[in-house]
Amino acid sequence: MLSSSSKDSLLRSYKRSFNGFAAQLTENQRERVASMEGVVSIFPNGLLQLHTTRSWDFMGLSETVKRNPTVESDTIIGVIDSGIWPESQSFSDEGFSSIPKKWKGVCQGGKNFTCNKKVIGARTYIYDDSARDPIGHGTHTASTAAGNKVEDVSFFELAQGNARGGVPSARIAVYKVCSEYGCQSADILAAFDDAISDGVDIITVSLGPASGATPLDADPIAIGAFHAMVKGILTLNSAGNSGPSPGSVGSVAPWMVSVAASTTDRAFVTKVVLGDGKIINGRSINTFALNGTKFPLVYGKVLPNSSVCHNNPALDCDVPCLQKIIANGNILLCRSPVVNVALGFGARGVIRREDGRSIFPLPVSDLGEQEFAMVEAYANSTEKAEADILKSESIKDLSAPMLASFSSRGPSNIIAEIIKPDISAPGVDILAAFSPVAPITESLDDKRRAKYSIISGTSMSCPHAAGAAAYVKTFHPDWSPSAIRSALMTTAWPMNATANPAAEFGYGSGHINPVKAINPGLVYEAFKDDYIKMMCGLGFDAEKVRLISGDNTTTCTTGVTQGAVRDLNYPSMASTADQHKPFNIRFPRTVTNVGQANSTYQAKITADPLMKVQVNPNVLSFTSLNEKKTFVVTVSGEALDKQPNVSASLVWTDGTHSVRSPIFIYQLPST
């Protein structure tokens with residue numbers, strides 16, 4: 001029992017789907033509670049961050065694809081985010097049937113918040129007592145996953161067309177855990193607790209640590225997702241926006257899907273027209289037009305007579321190096337990413353050396369190094385340099401899909417032998433519903449508001465994957481979370497490692513392909529006991545495993561419940577190897593037949609010449625649905641002293657289905 005003082009500090013209790021509570025405790029109280037019988041463990045309440053529609057057509061999930069409308073209408077997606085703007089057209093319930101009978105949740109959205117037959121539930125866990133979304137993030141992610149089709153939408157006439165989610169007939173349940181300041185661990189766990197009991201089918205969580213992964217036993221998303229998995233609910237989580245740094249992926253638990261961000265075949269260009277007539281293509285989301293007027297082009301670093309500013313390009317166009325008297329009325333040429341100072345000083349626009357694709361409160365065009373150098377050369381060639389920044393326009397991007405530079409990468413230092421992220425989905429320049437009261441930029445001077453906005457981030461790719469998962473589930477309502485994950489991963493489009501140097505640690509199994517995923521042929525499944533065995537093999541003691549699983553009977557007996565991470569029945573295969581020693585690694589796997597009852601699959605290998613891959617047996621014959629077959633993949637090669645990693649792929653094919661698994665072997669870090 002808690003003492004009276006501990007009870008007074010109780011913040012939340014979790015009773016519906018798992019047992020626990022959140023409380024403000026002194027160190028002495030923490031120690032006393034930790035020593036009580038039945039208490040598995042205690043971890044601090046952390047602060048997580050939000051990770052911020054041509055896309056569905058690009059993935060092949062067009063409006064005319066095969067659907068299962070009755071089941072889709074009974075599918076409920078739980079959105080753990082910053083709330084929702086329920087009046088958006090994307091969430092109208094016109095034409096919807098009654099709320100699914102399986103729904104056990106409530107509408108507690110607060111004052112002036114009304115649910116309907118589309119947004120069927122709402123809960124809030126933060127101070128404002130309203131599930132309404134003041135920042136737009138949750139509205140954007142919810143509509144990306146399951147928003148209705150809304151015709152003729154745009155962002156200030158950019159990206160004009162129809163907006164829709166992946167499963168527009170599905171229902172949405174909202175769990176508001178985030179404010180503009182972040183998302184508390186205690187609130188996230190409470191949201192999972194409720195969502196699981198409320199009866200959602202899929203959970204999408206576009207938030208996580210600012211950079212890198214949190215240990216599994218202190219990660220509220222991993223813990224909540226584990227309990228969801230046990231109840232048959234798949235959780236999809238954004239990988240993070242800390243790329244391109246290796247090891248920056250924040251979503252690493254193998255019982256949920258970690259989603260990277262990639263481009264679609266629609267891109268936006270913002271052209272710069274120089275005084276000599278030359279046109280330079282840049283990137284940004286620029287809704288302003290200077291009406292063909294050219295303004296003086298001023299090179300930021302030469303503005304002040306200061307050695308500090310001359311020697312530090314990162315400070316040009318920023319305080320203290322920018323002078324209002326010169327910036328006012330001009331277009332600035334900057335290596336600094338700062339634009340708000342330029343706006344405050346009256347600049348007409350900014351040309352930056354950046355790789356961003358953001359929205360700004362004034363005309364901005366971001367240039368690559370080569371393009372920026374061209375503008376620099378022009379600016380230095382004349383005393384009366386001038387330029388115009390045009391309104392953005394959309395173009396066809398034939399290089400797509402490409403991994404976004406900001407998308408977080410593996411490997412994870414938490415679980416080194418699982419490829420994370422798992423998969424890539426559209427996360428660049430995504431148009432979706434937005435909160436009409438939310439600022440569209442970070443500038444306090446920008447008074448523009450929008451019902452639909454364009455945002456980039458793994459926050460945007462995650463609900464794409466969630467919509468795809470829900471689409472698969474409408475055809476296979478009885479499939480396990482791991483079967484749905486396997487279907488998404490093994491049917492993904494392979495991506496080009498040459499064009500994406502992070503390779504599998506950037507995009508996982510590849511770019512998501514929802515239509516293929518409804519008929520994968522074979523699936524790799526894993527369940528609660530498999531994950532517990534893996535955690536024991538990671539060196540977790542029983543106490544840590546119990547914290548995640550909530551099962552106080554869990555033990556980690558050597559030789560009985562322990563297993564190597566690479567033994568987990570995962571759709572991808574990864575292992576570390578010593579840089580100075582040959583490697584020989586085994587991956588045991590089991591597949592379940594979900595294709596044709598009578599079918600024979602043959603193994604096909606594509607491998608780096610520095611490695612050898614053997615599959616035993618290399619032919620799998622099935623005579624019934626749901627029949628399981630086991631095989632072993634053995635990967636060998638010489639020491640990885642010539643390159644840091646080698647990769648291969650295993651494809652099981654019966655002539656109709658292609659079930660692809662990436663194989664990735666990489667160096668242990670030098671000691």
**Prompt:** Okay, side chain of His464, backbone of Gly165: is any donor-acceptor separation there less than 3.5 Å?
**Reply:** no
**Prompt:** Of the non-hydrogen atoms in Ile285 and Ile359, which two are nearest, and what is the gap between them?
**Reply:** CB-CG1, 3.6 Å
**Asked** Are any non-hydrogen side-chain atoms of Ile415 and Lys420 less than 4.5 angstrom apart?
**Response** no
**Asked** Angle class for the Tyr181/Tyr127 ring planes (parallel below 30°, perpendicular above 60°, tilted otherwise)?
**Response** tilted
**Prompt:** Taking the side chain as C-beta and beyond, is there a heavy-atom pair between Phe226 and Asp219 under 4.5 Å?
**Reply:** no
**Separation of Thr264 OG1 from Lys396 NZ (nearest 0.5 Å)** = 9.0 Å
**Item:** From CZ (Arg283) to OG1 (Thr270), nearest 0.5 Å
**Value:** 9.0 Å
**Asked** Is a side-chain donor or acceptor of Ser461 paired with a backbone partner of Ala260 at a separation under 3.5 angstrom?
**Response** yes
**Prompt:** Can you check whether Asp57's main-chain N or O pairs, donor with acceptor, with Ser62's side chain at less than 3.5 Å?
**Reply:** no
**Request:** Hey, could you give me the OG/NZ distance between Ser143 and Lys451, rounded to the nearest 0.5 Å?
**Result:** 14.0 Å
**Item:** Close side-chain approach of Asn162 and Glu63, heavy atoms under 4.5 Å
**Value:** yes
**Message:** Please find the pair of heavy atoms, one from Val71 and one from Pro477, that lie closest to each other, and give the distance.
**Reply:** CG1-CG, 4.1 Å
**Request:** Please examine the side chains of Ile203 and Tyr175, heavy atoms only from C-beta on, and report whether any two atoms are closer than 4.5 Å.
**Result:** no
**Item:** Side chain to side chain, Cys462 and Thr141, heavy atoms closer than 4.5 Å
**Value:** no
**Item:** Interatomic spacing from OG in Ser92 to NZ in Lys149 - rounded to 0.5 Å
**Value:** 14.0 Å
**Request:** Apply side-chain contact (heavy atoms from CB on, under 4.5 Å) to Val428 and Phe406, showing your working.
**Result:** CA-CA 10 Å; Val428 176; Phe406 58 76; 4.1 Å; yes
**Asked** Just by modelled atom types, is the Asp397 backbone N or O under 3.5 Å from a matching donor or acceptor in the Arg266 side chain?
**Response** no
**Request:** Could I get the full list of side-chain contact (heavy atoms from CB on, under 4.5 Å) partners for Ser251, not counting sequence neighbours?
**Result:** Asn237, Met256, Ser258
**Message:** Quick one, Leu207 with His137, criterion side-chain contact (heavy atoms from CB on, under 4.5 Å). Give me CA distance, side-chain angles, the key distance, then yes/no.
**Reply:** CA-CA 10 Å; Leu207 54 100; His137 191 276; 6.0 Å; no
**Request:** Check the pair Ser407 / Tyr507 against side chain to side chain donor-acceptor pair (under 3.5 Å), numbers first and verdict last.
**Result:** CA-CA 9 Å; Ser407 189; Tyr507 49 69; over 6 Å; no
**Asked** If you measure from the Lys or Arg side-chain nitrogens to the Asp or Glu carboxylate oxygens, is any gap between Asp201 and Lys102 under 4.0 Å?
**Response** yes
**Asked** Any side-chain heavy atom of Asn340 within less than 4.5 Å of one from Pro361?
**Response** yes
**Item:** Test item: Asn500 side-chain N/O and Ala502 main-chain N/O as donor-acceptor pair under 3.5 Å
**Value:** no
**Request:** Check Ala261 against Ser424 and note the closest heavy-atom contact, atom names and distance.
**Result:** C-OG, 3.8 Å
**Item:** Neighbour count above 12 (heavy atom, 6.0 Å) for Gln108 CD
**Value:** yes
**Prompt:** Counting N and O atoms only, with roles assigned by atom type, does the side chain of Thr144 sit under 3.5 Å from a partner on the main chain of His140, one being a donor and the other an acceptor?
**Reply:** yes
**Request:** Would you name the heavy atoms of Ser90 and Lys118 that are closest together and state the gap between them?
**Result:** O-CE, 4.0 Å
**Item:** Value rounded to 0.5 Å, distance of CD1 in Ile389 from OG in Ser365
**Value:** 6.5 Å
**Prompt:** Taking it one step at a time, do Thr75 and Val167 satisfy side-chain contact (heavy atoms from CB on, under 4.5 Å)?
**Reply:** CA-CA 9 Å; Thr75 300; Val167 278; 5.8 Å; no
**Asked** Can you tell me how far the CG atom of Asn286 sits from the CG atom of Leu390, to the nearest 0.5 Å?
**Response** 8.5 Å
**Request:** Measure across Phe156 and Arg448 and return the closest heavy-atom pair with its distance rounded to 0.1 Å.
**Result:** CZ-CB, 3.9 Å
**Message:** Does any part of the side chain of Phe113, heavy atoms only, come nearer than 4.5 Å to the side chain of Pro86, both counted from C-beta?
**Reply:** yes
**Asked** Between the main-chain N or O of Val200 and the side-chain N or O of Asp198, is there a donor-acceptor pair closer than 3.5 Å?
**Response** no
**Prompt:** So, do Thr139 and Phe91 sit near enough that their side-chain heavy atoms are less than 4.5 Å apart?
**Reply:** yes
**N-O pairing of Lys176 and Asp133 below 4.0 Å** = no
**Asked** Shortest non-hydrogen contact from Thr491 to Asn513?
**Response** O-CB, 3.6 Å
**Asked** For the side chain of Lys117 and the backbone of Phe96, is there at least one donor-acceptor N/O pair under 3.5 Å apart?
**Response** yes
**Asked** What pairs of residues pass the side-chain hydrogen bond (donor to acceptor under 3.5 Å, both in side chains) test when at least one of them lies in residues 435-445, not counting sequence neighbours?
**Response** Thr441-Asp446
**Asked** Do Arg123 side-chain atoms and Gly105 backbone N/O form a donor-acceptor pair below 3.5 Å?
**Response** no
**Message:** Using side-chain contact (heavy atoms from CB on, under 4.5 Å), reason through Lys473 and Ile484 one step at a time and then give a plain yes or no.
**Reply:** CA-CA 7 Å; Lys473 192 171 180 66; Ile484 296 173; 4.0 Å; yes
**Prompt:** What do the steps show when you test Asp366 against Ser284 for side chain to side chain donor-acceptor pair (under 3.5 Å), and what is the final call?
**Reply:** CA-CA 6 Å; Asp366 289 342; Ser284 70; over 6 Å; no
**Prompt:** Just by modelled atom types, is the Trp85 backbone N or O under 3.5 Å from a matching donor or acceptor in the Ser88 side chain?
**Reply:** no
